[in-house]
Amino acid sequence: MANRNVLTEALDYAIPSTVPTHWYNIAADFPEPVAPALNPQTHEPAKPEELEPLFAKALVEQEFSTERWIEIPTPVREVYSSWRPSPLFRAHRLEKQLGTKAKIYYKYEGVSPAGSHKPNSAVAQAYFNAVEGTTKLTTETGAGQWGASLAMASAMFGLECEVFQVRSSYDEKPYRRMQMEAYGATCHPSPSDITEAGRAMLKEDPDTTGSLGMAISEAIEVAVKSDNAHYALGSVLNHVILHQSVIGLEAIEQLKEAGEEQADIVFGCAGGGSNLGGLAFPFMGLNLREGASTRIVACEPAACPSMTQGEFRYDYGDVAHLTPLLKMYTLGNEFVPPAIHAGGLRFHGMSPMVSHAKHLGLLDSIAVDENTTFSAGLEFARAEGIIPAPESTHAVAGALNYVKSGEARDGEVIVIGLSGNGVLDLPAYGREIERERNQK
Ligand SMILES: *Cc1c(COP(=O)(O)O)cnc(C)c1O
């Protein structure tokens, strides 16, 4: 039996009733089940016990669950309550500047301490691991938002945290590394020379800028080789999408509060699919169960277009093929995306649940190029004050294009998933501002 970890005990203070009590699992409402993950060696459907060397038992159970509602443990709700419910703002100024009669709302996840939606899952994953006696978590990170979120959550529940950060981001975004270190985590550039997988990748290409697929291989290797360590993934998997459902559950209540009957269209950016799924699936659940008609649009980078250009097939989540095979839209696990500024969207695949929804025609996807996303980000910032994360600007661009093209009806309710703030990504904006200046 693991030592009792007092940090996992509830503090038992009053939590506002507007903080969700349960996560929503869309697996209960899909008209057909999601294709199972396959064991990477046997290619047979993976069994829960095969995932337990990597993940806490409770998380594995969630990964396979088809229960519609899963209770959020009190200590997790307590942490959530320091920034949840996150605000749903009406973009009055943006509407005015656009001269539209559509109603634009945005659900803002940048109010979390780490600056994005990622802590919604990081806190849950750190909690379940800590309760089961794990002492250390390993993970990968692209732009650094997931690494920072897991570092924060690990610190809260007394876990060690070791992060492999994609080389291009490690070099270009020192503030994220400092943020992780401030929370007490260790951060290595990936590929590194401290894992077998990393050494093999460096041998093949010593100057590689890295990829999430490479960093995942390294983080898994370290977790599997150490005692009491587990691996944590920041997106893609079913349990992560589940944790993120608090975003959409709150948004539904907040829209009601604002007097709206339903959302007509929801725009979310999609890297691995977690903020999009988290925001959109509770709405999709209402479509499936109650005949609502909210349209969902996934916005991805033109440089890493897994849903708009990829194939729907089984693929690995990583380069060394250590992860289970997942049925998803993929560009192929060897695909190394160009070093775009929205580092959090540089994943070759897409969450199996989001992929399944797209395959069933339950959501649409579009690809947006980088210049368009940054000018949308600036337009948004100048109207609303918030500088969106480079990832989030994809959702903003999707919505702005929709309104500007004249597609939006008067009174139509548009919801943008603003997954994070961009205050640690200002160098990326600097380049866009330079471009703007040169055009004048
Ligand atoms: C990581 C990240 C994303 C992309 O990940 P998803 O799993 O697709 O949500 C989007 N926005 C922000 C702010 C991020 O940090």
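Both counts, for ligands and for their atoms, begin at 1 and track the order of listing. Numbers here simply count residues along the sequence, with the first being 1. Computation of the quantities below employed the complete heavy-atom set of this structure, encompassing side-chain atoms and omitting hydrogens, waters and symmetry-equivalent molecules.
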Between A342 and E391, which heavy-atom pair has the shortest distance, and what is it? C-OE2, 3.6 Å

Is it true that K358 and S365 share a donor-acceptor pair across their side chains at a distance under 3.5 Å? yes

Spatial distance of atom CD1 (I296) from atom CG (L279) [nearest 0.5 Å]: 7.5 Å

Please report whether the ring centroid of Y314 lies less than 6.0 Å from that of H43. no

Atom CD of E370 and atom NE2 of H341: how far apart are they, to the nearest 0.5 Å? 5.5 Å

Using the side chain to side chain donor-acceptor pair (under 3.5 Å) rule, take T308 and E300 through it: C-alpha gap first, then chi angles, then the decisive distance, then the call. CA-CA 8 Å; T308 49; E300 57 181 14; 2.7 Å; yes

Got the residues with a heavy atom under 4.0 Å of ligand 1, by chain and number? S116, H117, K118, Q145, S235, C269, A270, G271, G272, G273, S274, N275, G344, L345, A389, E391, S419, G420

